[in-house]
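Here is the naming used below: chain letters follow the sequence lines, and residue numbers restart at 1 for every chain.
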2 protein chains.
Amino acid sequence: MPRAGLNEEAVVTAALAVVDRDGAAALTLASVAALVGVATPSLYKHVGGLAELRSLVANRVLREMADVATAAVLGRSGDDAVTVLMRQLRHYAVEHPARYAAMPADPQHDPALANASGALIGVFAATLRHYALEGSAAIHAIRCLRVIVHGFSSIESSAGFGMAESPDDTFSHLIEMYLSYLHNAQEQ
Amino acid sequence: MPRAGLNEEAVVTAALAVVDRDGAAALTLASVAALVGVATPSLYKHVGGLAELRSLVANRVLREMADVATAAVLGRSGDDAVTVLMRQLRHYAVEHPARYAAMPADPQHDPALANASGALIGVFAATLRHYALEGSAAIHAIRCLRVIVHGFSSIESSAGFGMAESPDDTFSHLIEMYLSYLHNAQEQ
DNA sequence: CTCTAAAGCTAATACCGTTAGCTTTAGAGC
DNA sequence: GCTCTAAAGCTAACGGTATTAGCTTTAGAG
């Protein structure tokens, strides 16, 4: 029997494939092992267990989102940067609904996710730096941005908008709402 | 051995106690059975299984939230009603963080949750009726309200705001942001 | 060609959900 | 007060899961 040649990265990639195929709740060591063609206990040679695998998956997703965010704001600033940042993050969540759902509710509570989580928030902070908000106003602006993007992505990625109206339009309203808030905060 | 005298309602109440005590992920038939002092299979006399129990718990939580929302807007209207509605729902989520996390990502997809979910959305719609938004504008306003309340509650209930700034202030900013949006939508 | 570290395996344990079938209790009806 | 029945609860058993322990084998270094 030839060897599979696994490593931690390959296991995480397979886990993401399982999440994409069967949903976040179906991520199990047995399903990942079956996908890569290996007995379940063999995965412990590369991964500490199911909890750690979940954490590694979340870390991968957070890094992807941070990359998306970075690419979105590159070469842009102000309202343009904020708009594209919001749209691109929403786009990622909708393109990979199961991956978004695979993220734990408390990413900052997991030390393994602190770096990736901080990278994403860092892009938020850098993007908002253009508005020169001072002290706590900057913190609140970052939080409001998180609330809107997460709230919308969370609902849309689980098909929570039942009515016929386009979610695109709703999201445009939210962007306008947030930009108005930024402009207003800037004047104080 | 005396009889426990259970019924569906008592089982759901015990399940909520488990959720409050150990978190939403720890909701298991075995833990509920242990709490009420009964063997695990006995629960099947009152509940269809773990999936149904989860659904019943979510239904209870949704109804509680609908009650909170109804009480909040009773005797109020306009900005006052919207403000108190948002604050009270946030208050519920923070007071019962595990219950909020016990809700599935897609409540409307579960037929058993349709009524309670509709009741909560109905309170939103009724509260916004004061602004006389026409057609799709009303839908978008409801959605934006959902996004903000859910996004904030989701993050705060999982201790997602790490910085020292008070989440109260952040939420006040979001309320102001949303009210401005409503006033602006009203003029069109 | 040999030897070692790691990759993979099987076996075994513990916990969970679920089903089947049995026992017993509480209460309805006489 | 007695009986009888429907339901509440139990034990036993099965399958699936994570996890640990210990063995076997492979790939690659020397």
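- With a 4.5 Å cut-off between side-chain heavy atoms of Ile, Leu, Val, Met, Phe, Trp and Tyr, the cluster of A/Ile139 takes in B/Met163.
- Taking the side chain to side chain donor-acceptor pair (under 3.5 Å) definition, one finds that B/Thr13 meets it with B/Arg60, sequence neighbours left out.
- Of the side-chain N and O atoms in A/His46, none sit less than 4.0 angstrom from OP1 or OP2 of C/dA6.
- Dense packing is recorded around CD of A/Glu52, with more than 12 heavy atoms of other residues, nucleotides or ligands lying under 6.0 Å away.
- Remark: DNA chain D takes part in the stems C:1-30 with D:1-30, each of 3 or more antiparallel Watson-Crick or G-U pairs, criterion distances under 3.5 Å.
- One finds a side-chain N or O of A/Ser42 lying less than 4.0 angstrom from the OP1 or OP2 phosphate oxygen of C/dC9.
- Applying the salt bridge (Lys or Arg N to Asp or Glu O under 4.0 Å) test to B/Arg63 and every residue at least two apart in sequence or in another chain returns nothing.
- Residues from residues 6-23 of chain B with heavy atoms under 4.0 angstrom of DNA chain C: there are none.
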For nucleotides 17-21 of chain C, tabulate all protein N/O to nucleotide N/O atom pairs closer than 3.5 Å, reporting atom names and distance.
residue	atom	partner	partner atom	Å
C/dG17	OP1	B/Thr28	OG1	2.4
C/dG17	OP1	B/Leu29	N	2.8
C/dG17	OP2	B/Thr28	OG1	3.0
C/dG17	OP2	B/Leu29	N	3.4
C/dG17	OP2	B/Ala30	N	3.0
C/dT18	OP2	B/Tyr44	OH	2.7
C/dT18	OP2	B/Leu50	N	2.8
C/dT18	O5'	B/Tyr44	OH	2.9

Which atom pairs, one a donor and one an acceptor, fall under 3.5 Å between side chains of residues 16-25 of chain B and the rest of the protein, sequence neighbours left out?
residue	atom	partner	partner atom	Å
B/Asp20	OD1	B/Arg99	NE	3.1
B/Asp20	OD2	B/Arg99	NE	3.1
B/Asp20	OD2	B/Arg99	NH2	2.8

Pair up each side-chain donor or acceptor in residues 43-50 of chain A with any protein partner under 3.5 Å, not counting sequence neighbours, and list the distances.
none

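- A/Leu43 has its CG atom 13 Å from the P atom of D/dT17, to the nearest Å.
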Show me, pair by pair, the donor-acceptor contacts under 3.5 angstrom made by side chains of residues 104-118 of chain B, not counting sequence neighbours?
residue	atom	partner	partner atom	Å
B/Gln108	NE2	A/Gly160	O	3.2
B/Asp110	OD1	B/Ala112	N	2.9
B/Asp110	OD2	B/Ser55	OG	2.7

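- Applying the salt bridge (Lys or Arg N to Asp or Glu O under 4.0 Å) criterion to B/Arg90, with sequence neighbours excluded, gives B/Glu156, B/Asp168.
- Residue pairs satisfying the salt bridge (charged side-chain N to carboxylate O under 4.0 Å, His left out) criterion with at least one member in residues 28-38 of chain B, sequence neighbours excluded, are absent.
- The list of side chain to side chain donor-acceptor pair (under 3.5 Å) pairs with a residue in residues 169-186 of chain A, not counting sequence neighbours, reads A/Asp79-A/His183, A/Arg87-A/Ser172, A/Thr170-B/His140, A/Thr170-B/Arg143, A/His173-B/Tyr181, A/Tyr181-B/His173.
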